[in-house]
Every structure is written in structure tokens, then in C-alpha cells.
> 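Sharing a structure here in C-alpha cells format.
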Amino acid sequence: MNRKVLHVTFLLIFVFAFAALLNSGCDFKNPTEGLKVKVKNIPRTTTVRVEFLDTKTGAQIGSDSPVGINVKFAGDDADKVISTTNEPITEASTQNGVLFFAIQDGVIPSTTNPVEVKLVCTSNKYISTSKILTITKTKGNPFQVFMTSSDAAAQPAGVSTNKKATGTTGGAAGTSTDINLSSSDVPTTEPTSSISVPAGTILKDKAGNILTGDIETSVSYYDPRSESALDGFPGGFQVETDTEGKEVFITAGFTAIDITVGGTPVETFENGTATVEFDIPAEVMNPNTGNTIQPGEKIPMWSYDEENGDWAYEGDYTVTKSHEKANMLKVVKENVMHLSWWNLDYHYNACYMGRTIILNLADCYSYLYFRAYLTSTDQYVMSGYTPWDNQVTLLWAPKDVSVYVKFYETWSDYYYGNLPLSGEYIIDDLCFGDPVVFDIACPCEYQPIDVYVSAVCPNGNTLDQGTIDIELLKNGVWQYLGTVEDGFMHIECLAFGTYTVRVFYDGEYYEKEFTVEGSPYYVEVPLESNIDLCQ
């Protein structure tokens, strides 16, 4: 048999089998009928699933109605990114909040030889963000990216945004009036940020062209006391900086400021400079001292490059006491020559590969979401989730700190205030030491079951090559379930009931519902006798 033809056939079987996922007595139609298949469509060695979540609701963006998100691939390993059909790509897009891509088949990621890809994400309905993905294994690799709506009414607690028309600019004549805008028009005792640009300032785009037309200004402030606001931090707190490389941020507050002229973003100023101010609530802690931040202390400030997702060090800035608001501090940055996210952050050197967390879960969960906080100050420092094998090796963890960890069944459990599973767990050092093992009791009301999936020919042959990722509809959200490998998949902890699964192939989803009524449950998907595998 021609080997190339066999590889193509295997992929068709994968898509066919898991769009069917039904017992052997059912009739079905191949969902790839009419699809033009090429040799390039061999199943990929390493796949990546990125789920885009709304910071306020935790829902998948676009799950109710399409929302366009464009992703550019950056970083050292961006040239290793391919589509699931083996085409080199530099960017991709999604309308339903889930993006699939792959890594070149000849690249085998591991903890000692990871693949790092930076996603730079933009949308006309969400504030730009970025995310560094560290891929350490073959097969399926699920990740989550949180994005904050640009609509002030749809933003989470702790975020305030104000967008207004702020005059005109006459090209070389500069702005017709002063631009003064705060993140809140309403007098408030809550923290805010603001920008001031004097009249006569020349506004330029990224290419250095002088802009002419109507000006619109947007200012957003993110309160460091609000964990829902911190979830919208671009790229999370494991970052790459221009001075220290890989680090971990602990923020004292940040602001996003955008100015457009006729819809074109302003990048730089000439013949004038801007001033940016933002408040710091007096109860925010300095993790280096273990005490609240005091007037006279200095905090490093960083600016964000939306093109490549990197942070640039702007210098150390002095904290002063606010004269306008009681129990509030502030930082002022003068002589601003370009626009950015501006962020006050203490920073820690990070170990590339830290401790391994192993969970004894009584076969109760497919994965758990976790959040880590500094033991000394209760400040949020990192989050993630354990994959299907119930263990995770921490990457880019802050050095020389002790944390406590909380585990949740889903991110929405955390966001909506549901109790964490089995309280808090202490890790005295995130970077060095033997694996830490935590026992988490299973509060499931239903009996966990085992599900075995295989694809079988009439002559008894089984599918025995390649992989494909499967998603499960759970609590109204599509979640990564696992990877079918060589025609077989073992799923832990599905209570009795009816489920919907789907696979993604060449830009399309294929769904199927099935019912589990016993344990163990075996799904044998029948294959047609005329395909190459079954002859």
C-alpha cells in the first residue's frame, strides 16, 4: 500500500470516528465528504488549543455570537508554528473563542527543550493583550488567554474605562486644545488614572507620519486590589522584559491609554509631551518589605509593546501622597513621548523550570484550575491548571518566595466565589525541591467512570496511527478533554449521563452526542470495509 495514501486515510478516520462517537449499531455519514484532502493533512505531532475567555464572565469569547480575534505569532520559536494542515503561518484568527494551531512535526518539545511562542492578540471588541506559551510536550497542549472588553459596561470589577472625543489636530499645527482625560468622569474616592497632553502637540502614527483629524482618547485603570482586574493583565504576570529577560511581576496598578486620530492609533508625540498619573490604594503591599507602600518609596515602571508583547523598563518612580483623595497614593510620569500600557510592578527573577505539583484526585477531575498567592502579603502571583495527568511542572515561577495555592474545578468556580477544593496548600519554594504532592478529596455526587474509545474495522483491524484532540461540552463551555492516540483514548471521571464532544479539522468543527450508562464504557466506532486500513 502507498504509505502517503495510508496517512491521509488515517486522518479521515480520526475525523470520521469522533464526529460519529456512537455505538456500533448506528448509521452515520462521513463529515469530511466532499472535502478536498491533500497529503499535508497528516495528523500533527504537537497541537495547541488556545481558549479566549472574557475576563468579566469567564465565558468563551464568541460562544454566543461571533467575535473576531486576530493572533500574531512572535518570539524565538514563532517560525515553528504551522496550521493543523501543515502550512507555515505567522498569524491566525478565530470568531468563536478557540484557536487551534500546531508545531512543526520534526520539533519534539520537552521540559528540557521547550517551544516558546508568544501570542499577540487584538480585537475590535477587546483590549489588546499577549500571552507566552511554553510548550513542553507533544500531543495536545491547552492554554487560556483572558481578554478584557473595551466596553466599559462589560468590564470586570476593578476596571474603569473612559473614552471620549477630545478635539482635533491640524497636522503640523498640532492639537487644537489641551487633552485631559481621566478613567472616570464621575468624582470618586476610588483609584483612577489620567493623561494630559498640551495644545499644540503634534501627533504621529507608528511610521512617523503626522496625523490630521478628529481625536479620540481612551483611558483605562486596573485596580491592583481586584483579582478580576488582574486577570486582564496583558500576558499574565510571567513576562519578558528588555532588561532582565524572563521575570514575574507583582503589580501596584496599571493603566492602558490609547489616542486615535480618525481611527489611526497615535504612537508618538512631537513639540510637546504628555503627563500620565495613576493612583495606588494605600493598602497595597510592597512585597519586598512586607508592609504597605509608603510615600517616598520607588516602584519600577514598565511600558508595554503591543506589537511583540514585551515590557520595557522606564525607570523607578517615586510614590507621593495624593492631595485629592484620602487614603490614596499616586505616581506621576512626565515627559511621556509615546503611548502604551503603563505598569507599576515589583519584579522577581524567575526559574525556567520549577517544582512539580502532583495531585491525588481519586480519579475525580480531568484538570483543576489553580491560583498562587504570596504567603507574606496575600498578593496574587501566578495561575494555571493541571492537565489530564494531574501533575504540572511550574514554569517561570518566582524565585525565593513562599506561596499558598488554591485549587478550583473551573475558572468560573473561582470567579463566582465558589469555595476552593480542600482549602489552601503551602509551597515553601516554587523553584527548588522534590515534587510536592497534594491529596484532594472528591466531592463528586456521581460515580466516576472510565471511557475507552477505539475505531474498529469489520475484519478486526483497529486504527493504530496518529493523534487528534477532543473537546467536551461541560457547563456550557467547550473544554479540552484529551488526545486520541493511535485510535484509543482513556477518559477518567465522566459521571453517567449524556455528553457532546467535538473535533476540529481544517477550520471546521464536528460534533456528536453520546450517552454513558455504565462503567467501564466502551465506544467502538465501526469503520467501513472499503477503506485502506480495513483491507
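The structure displayed is predicted, hence computed values, not measured ones. Just so it is clear, the values below take in all heavy atoms, side chains as well, and ignore hydrogens, waters and symmetry mates.
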> Answer yes or no: does atom CG of Asp378 have more than 12 heavy-atom neighbours from other residues, nucleotides or ligands under 6.0 Å?
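Atom CG in Asp378 is crowded, with more than 12 foreign heavy atoms closer than 6.0 Å.
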> Classify the side-chain pair Thr192/Lys325 by whether it contains a donor and acceptor separated by less than 3.5 Å.
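Yes - a donor-acceptor pair under 3.5 Å links their side chains.
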> Test your reading of the model: is there a side-chain donor-acceptor pair from Arg355 to the backbone of Leu394, 3.5 Å cut-off?
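Checking the backbone N and O of Leu394 against the side chain of Arg355, no donor-acceptor pair under 3.5 Å is found.
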> With no hydrogens and no angle check, do the side chains of Ser402 and Asp428 hold a donor and an acceptor under 3.5 Å apart?
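There is no such pair (donor and acceptor under 3.5 Å, judged by atom type) between the side chains of Ser402 and Asp428.
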> Going by atom types alone, do Glu190 and Ser160 pair a side-chain donor with an acceptor below 3.5 Å?
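There is no such pair between these side chains.
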> Indicate yes or no for a side-chain donor-acceptor contact from Asn70 to the backbone of Thr122 under 3.5 Å, with no hydrogens or angles considered.
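No: the side chain of Asn70 does not pair with the backbone of Thr122.
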> Check Arg371 with Asp231, please: is the shortest side-chain N to carboxylate O separation under 4.0 Å?
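Counted as a salt bridge, because a side-chain N and a carboxylate O are separated by less than 4.0 Å.
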> Determine yes or no for a side-chain-to-main-chain donor-acceptor pair under 3.5 angstrom, with Gln294 supplying the side chain and Thr292 the backbone.
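Yes; at least one donor-acceptor contact below 3.5 Å.
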> Quick test of your reading of the model: are Asp54 and Lys56 salt-bridged, counting only N-O distances below 4.0 Å?
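Result for this pair is no, no salt bridge flagged.
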> Knowing that exactly one of Ile127, Ile69, Leu53 qualifies, which makes a side chain to side chain contact (heavy atoms under 4.5 Å, CB included) with Met147?
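Among Ile127, Ile69, Leu53, the one meeting side chain to side chain contact (heavy atoms under 4.5 Å, CB included) with Met147 is Ile69.
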> Taking the six-membered ring for Trp, are Phe101 and Phe73 closer than 6.0 Å centroid to centroid?
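Yes, they do, as the ring centres are separated by less than 6.0 Å.
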> Can any side-chain N or O of Thr148 pair as donor or acceptor with the backbone N or O of Thr55 at less than 3.5 Å?
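No, because the side chain of Thr148 does not come within donor-acceptor range (under 3.5 Å) of the backbone of Thr55.
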> With no hydrogens and no angle check, is any side-chain donor or acceptor of Thr94 less than 3.5 Å from a backbone partner on Leu99?
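Judged by distance alone, no pair lies under 3.5 Å.
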> Would you say the side chains of Tyr317 and Lys333 form a donor-acceptor pair under 3.5 Å?
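Present: a donor and an acceptor within the cut-off.
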> For the CD1 atom of Ile357 and the CZ atom of Phe407, what is their distance to the nearest 0.5 Å?
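The CZ atom of Phe407 is 5.0 Å from CD1 of Ile357, to the nearest 0.5 Å.
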> How long is the span from the CD1 atom in Ile215 to the CD1 atom in Ile179, to the nearest 0.5 Å?
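The CD1 atom of Ile215 sits 4.0 Å away from the CD1 atom of Ile179.
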> Have Ser383 and Tyr380 got a donor and an acceptor in their side chains that come within less than 3.5 Å?
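Result is yes, a qualifying pair exists.
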> Could you walk me through whether Val50 and Leu133 satisfy the side chain to side chain contact (heavy atoms under 4.5 Å, CB included) test, starting with their C-alpha distance in whole Å, then the side-chain angles of each, then the deciding distance to 0.1 Å, before giving a yes or no?
CA-CA 10 Å; Val50 181; Leu133 310 183; 4.0 Å; yes
> Nearest 0.5 Å, what's the CD-CD distance between Glu51 and Gln144?
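With rounding to 0.5 Å, CD (Glu51) is 5.0 Å from CD (Gln144).
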> For the side chain of Thr201 and the backbone of Thr175, is there at least one donor-acceptor N/O pair under 3.5 Å apart?
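Side chain of Thr201 to backbone of Thr175: no pair is present.
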> List the residues meeting ring pair (Phe, Tyr, Trp, His ring centres under 6.0 Å) with Tyr373, not counting sequence neighbours, and say none if there are none.
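Tyr404.
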> Could you tabulate the donor-acceptor pairs under 3.5 Å formed by side-chain atoms of residues 253-270, not counting sequence neighbours?
| from | atom 1 | to | atom 2 | distance (Å) |
| --- | --- | --- | --- | --- |
| Thr255 | OG1 | Ser193 | OG | 2.8 |
| Thr255 | OG1 | Ser220 | O | 2.7 |
| Glu270 | OE1 | Lys204 | NZ | 2.3 |

> Any side-chain donor-acceptor pair under 3.5 Å between Tyr304 and Ser128?
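No, because no side-chain N or O of Tyr304 sits under 3.5 Å from a partner of the opposite role on Ser128.
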> To the nearest 0.5 angstrom, please state how far the OG atom of Ser303 sits from the CH2 atom of Trp311.
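Here the interatomic distance stands at 8.0 Å.
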> Sub-3.5 Å donor-acceptor pair from the side chain of Thr212 to the main-chain atoms of Gly170, do we have one?
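Not confirmed, Thr212 side chain does not pair with Gly170 backbone.
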> Kindly compute the distance separating CD1 (Ile280) from OG (Ser322), expressed to the nearest 0.5 Å.
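Answer rounded to 0.5 Å: 10.5 Å.
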> Quick one: pull up CD1 in Ile195 and CH2 in Trp342 and give me the separation to the nearest 0.5 Å.
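These two atoms lie 9.0 Å from each other.
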> Does Thr134 reach the main-chain N or O of Glu116 with its side chain, forming a donor-acceptor pair under 3.5 Å?
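Looks like no, no N/O pair under 3.5 Å.
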> For the pair Tyr352 (side chain) and Lys246 (backbone), establish whether a donor and an acceptor sit closer than 3.5 Å, ignoring hydrogens and angles.
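Not confirmed, Tyr352 side chain does not pair with Lys246 backbone.
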> Scan side-chain atoms only and decide if Gln379 and Thr377 contain a donor-acceptor pair under the 3.5 Å cut-off.
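There is such a pair (donor and acceptor under 3.5 Å, judged by atom type) between the side chains of Gln379 and Thr377.
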> Is there a donor-acceptor pair closer than 3.5 Å between any side-chain N or O of Thr169 and the backbone N or O of Gly213?
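Looks like no, no N/O pair under 3.5 Å.
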